[in-house]
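So you know, we letter chains A, B, ... as the sequences are listed, proteins then strands, and number each from 1. Computed from a prediction, not measured in an experiment: that's the story for all the values here. FYI, side chains are in, hydrogens and waters are out, and symmetry mates aren't considered; it's all heavy atoms of this structure.
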2 protein chains.
Amino acid sequence: MFTPVDKKRAFEAVVQQIESAIYAGEYAPGDFLPPERTLVEDFGVGRSTVREALRILESMGLVRTSPGSRSGPEVCGSVTPGLTRMLRGAVRMEEIPVVDLVQYRIIAGAAANRLAAHLRTDEHLERMEAAIEAMEAATDAATFAAADDGFHVVVREAAGNRVLGMVGGVIQDATLDLVAGAVGPSGGASRMRREFIADHRRILAAIAGHDGDTAARLASQTLYDAYSGALDEEQRHRLAVLLEPDVRNSRDH
Amino acid sequence: MFTPVDKKRAFEAVVQQIESAIYAGEYAPGDFLPPERTLVEDFGVGRSTVREALRILESMGLVRTSPGSRSGPEVCGSVTPGLTRMLRGAVRMEEIPVVDLVQYRIIAGAAANRLAAHLRTDEHLERMEAAIEAMEAATDAATFAAADDGFHVVVREAAGNRVLGMVGGVIQDATLDLVAGAVGPSGGASRMRREFIADHRRILAAIAGHDGDTAARLASQTLYDAYSGALDEEQRHRLAVLLEPDVRNSRDH
DNA sequence: ACCTAGCAGCTGTTCAGACCACAATTCCCA
DNA sequence: TGGGAATTGTGGTCTGAACAGCTGCTAGGT
């Protein structure tokens with residue numbers, strides 16, 4: 001019946017006020033908050049309180065501070081770096097298994113490719129083609145992974161779903177080092193890499209042909225092939241469930 | 001050629017050291033960091049620097065501080081609440097169109113139901129049944145929406161994917177007021193509500209029968225039916241794309 | 001008139017010291 | 001032996017100060 005009374009710490013109240021102001025649109029990305037010393041007067045708190053609040057907002061990716069500015073902390077638009085950082089931390093804390101990330105990529109990737117097949121413009125196709133050519137031209141694993149990254153960015157952009165785009169980007173960033181290690185172990189063994197590129201060409205062809213089913217299926221399969229090597233049997237099963245429709249209805253109960 | 005020199009701020013170095021120590025397992029969840037004043041001596045920095053670092057770690061969900069403790073900041077076990085909080089803020093700030101949210105719910109809901117059909121336990125089924133009964137017993141729209149919410153929570157839990165669960169929860173919260181307005185306009189017109197409940201029963205039956213395909217298809221259709229009334233023709237098309245496999249390959253190019 | 005070097009002011013960053021509120025611990029007295 | 005009061009260590013807050021970096025203006029020279 002009783003709601004727990006929130007004994008707010010001062011800096012939390014400051015965080016909430018600034019956060020609300022940003023979410024309410026009073027400060028657009030690129031705008032500047034008042035300087036710290038002004039915020040001290042406005043909020044009626046001490047300097048350290050304001051600074052701790054700003055540190056929190058900065059770690060959330062809402063604002064950015066840089067010395068020498070004449071205008072105060074800058075409100076920045078993208079929160080994704082902070083999200084990526086925290087997600088990586090969650091993975092490192094073993095709070096989120098890697099297989100969950102891969103599974104999510106398969107789910108979201110299939111949907112994004114399906115949507116992209118319906119909604120893509122010719123400009124998207126050109127950029128996908130450019131990304132594939134960058135993959136072919138890559139000499140080291142990092143560049144290759146970055147090019148692959150670029151391809152999927154364009155796909156998500158073509159899909160036109162903001163949630164899919166934002167979350168997908170974060171998950172992709174968090175798994176970036178995985179794909180680098182999985183597909184291209186630096187020099188040699190470029191067969192897997194060529195196969196990987198060929199997969200992307202097939203996906204591109206399906207998207208170009210407005211064939212959402214094929215694009216989704218190929219994208220899922222390619223992701224599965226790229227990551228399955230690093231997973232054990234039970235984890236692979238959890239991924240394989242997503243690849244093909246069930247053919248057995250209420251059989252294995 | 002030259003890489004930008006990273007002029008670290010003092011508190012960032014402190015954050016990194018503590019963060020690494022936690023990730024390295026030197027501090028297990030439940031352990032206590034040294035008190036602030038001790039950290040001041042260890043790092044050779046001022047108290048405010050240590051405090052700003054602790055605020056960042058706290059906003060990431062890694063540590064938790066409470067006044068009066070005799071042991072210092074506590075290392076938290078779960079980073080997920082912080083991640084969820086930040087994701088929720090990001091969704092709010094991005095001003096994501098409603099159709100994108102619904103589209104995402106269809107995508108993620110289908111996948112979650114498919115996975116749940118394979119991985120659910122009997123306990124999950126009981127809780128889903130309880131949620132449906134709560135929907136039947138609901139008298140006002142808010143309670144009804146909350147019960148529906150609870151059903152999907154169990155489904156995501158049964159699906160066993162942390163990312164899907166977390167993102168799905170945030171998006172569901174963002175659309176909670178929508179379903180309340182769409183399905184049950186308070187009193188009267190309970191036909192739509194009964195149909196909605198019947199849909200959930202069918203989904204539950206499919207999950208109980210390990211029929212992932214049917215569960216996914218029903219879940220997508222139910223969501224579409226619930227929300228499509230609030231959308232215009234072009235938006236409905238973007239949703240309908242996800243409902244059934246393409247039967248037309250490279251036809252409408 | 002134009003350009004440039006230098007200066008002043010504002011910004012964030014860090015430090016030191018002090019005080020308060022709070023909770024756990026300890027100690028003393030009934 | 002039990003309970004309450006004093007102690008102690010903790011986080012939370014504030015103040016004042018000094019420093020470093022950037023910006024924008026200004027004064028000087030060309």
Side-chain angles (χ1 to χ4, degrees), chain A residues 4-19 21-22 27 29-76 81-82, chain B residues 2-19 21-22 27 29-76 81-82:
Chain A
V5 58
D6 49 347
K7 35 193 171 190
K8 273 198 192 311
R9 295 177 284 186
F11 66 85
E12 286 180 337
V14 173
V15 165
Q16 192 175 341
Q17 280 203 45
I18 297 179
E19 197 180 3
I22 293 177
Y27 290 98
D31 288 354
F32 293 94
L33 259 50
E36 290 180 4
R37 289 166 176 85
T38 306
L39 291 173
V40 166
E41 295 176 7
D42 292 349
F43 287 109
V45 297
R47 186 89 190 278
S48 51
T49 301
V50 166
R51 283 187 59 79
E52 288 179 26
L54 287 175
R55 287 292 85 80
I56 293 174
L57 293 167
E58 186 178 354
S59 84
M60 294 196 304
L62 275 177
V63 305
R64 175 175 34 184
T65 65
S66 57
S69 166
R70 295 282 283 197
S71 318
E74 181 183 0
V75 176
C76 42
Chain B
F2 297 106
T3 59
V5 56
D6 51 345
K7 35 193 171 191
K8 273 200 189 311
R9 293 177 286 186
F11 66 83
E12 286 179 336
V14 173
V15 165
Q16 191 175 344
Q17 281 203 45
I18 297 179
E19 196 180 5
I22 294 176
Y27 290 97
D31 287 355
F32 293 94
L33 258 51
E36 292 180 3
R37 290 165 176 86
T38 306
L39 292 173
V40 166
E41 296 175 6
D42 292 348
F43 288 110
V45 296
R47 177 122 183 260
S48 52
T49 301
V50 167
R51 283 185 60 80
E52 288 180 26
L54 287 174
R55 288 290 87 79
I56 293 175
L57 292 166
E58 187 178 354
S59 85
M60 295 195 305
L62 275 176
V63 305
R64 174 175 38 186
T65 65
S66 57
S69 166
R70 300 279 282 202
S71 319
E74 181 183 1
V75 176
C76 289

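- The shortest distance between side-chain heavy atoms of A/V40 and A/V45 does not fall below 4.5 Å.
- Contact footprint of chain B on DNA chain C: nucleotides with an atom under 4.0 Å from a non-hydrogen protein atom, first to last in 5' to 3' order, C/dT13 to C/dA24.
- The nearest pair of heavy atoms linking A/V14 to A/A53 is CG1-CB, 3.5 Å.
- How far CD1 of A/I18 is from CG of A/D42: 9.5 Å, rounded to the nearest 0.5 Å.
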Distance-only check: which donor-acceptor pairs under 3.5 Å involve side-chain atoms of residues 29-39 of chain B, not counting sequence neighbours?
| from | atom 1 | to | atom 2 | distance (Å) |
| --- | --- | --- | --- | --- |
| B/D31 | OD2 | B/A28 | N | 2.9 |
| B/E36 | OE1 | B/R47 | NE | 2.9 |
| B/E36 | OE1 | B/R47 | NH2 | 2.9 |
| B/E36 | OE1 | B/R51 | NH1 | 3.3 |
| B/E36 | OE2 | B/R51 | NH1 | 2.8 |

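- B/S59 pairs by the side-chain hydrogen bond (donor to acceptor under 3.5 Å, both in side chains) definition with A/S59, not counting sequence neighbours.
- Qualifying side chain to side chain contact (heavy atoms under 4.5 Å, CB included) partners for B/Q17, counting only residues two or more places apart in sequence or in other chains: B/F43.
- D/dT13 atom P lies 7 Å from atom CD of A/E52, rounded to whole Å.
- In the region residues 41-51 of chain A, proximity to DNA chain C at under 4.0 angstrom, judged on heavy atoms, holds for A/R47, A/R51.
- The minimum heavy-atom distance between B/Y27 and B/V75, with the atom names listed, is CB-CG2, 3.8 Å.
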Would you tabulate the side-chain donor-acceptor contacts of residues 65-73 of chain B under 3.5 Å, counting partners in other chains and residues two or more places apart, or write 'none'?
| from | atom 1 | to | atom 2 | distance (Å) |
| --- | --- | --- | --- | --- |
| B/T65 | OG1 | A/R9 | NH1 | 2.9 |
| B/T65 | OG1 | B/R55 | NH2 | 3.2 |
| B/S69 | OG | B/S71 | N | 3.1 |

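- Residue contacts for A/E36: at a heavy-atom cut-off of 4.0 Å it reaches a base atom on one of the strands shown.
- Looking only at side-chain heavy atoms (C-beta outward), A/I56 and B/I56 stay at 4.5 Å or farther from each other.
- Across every non-hydrogen atom of A/I22 and A/V63, the tightest pair is CD1-CG1, 4.0 Å.
- For A/A13, the side chain to side chain contact (heavy atoms under 4.5 Å, CB included) criterion is met by A/K8, not counting sequence neighbours.
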Protein N or O to nucleotides 4-8 of chain D N or O, pairs below 3.5 Å:
| from | atom 1 | to | atom 2 | distance (Å) |
| --- | --- | --- | --- | --- |
| D/dT8 | O2 | B/R70 | NH1 | 2.4 |

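- Taken residue by residue, residues 53-67 of chain B places heavy atoms nearer than 4.0 Å to DNA chain C at B/P67.
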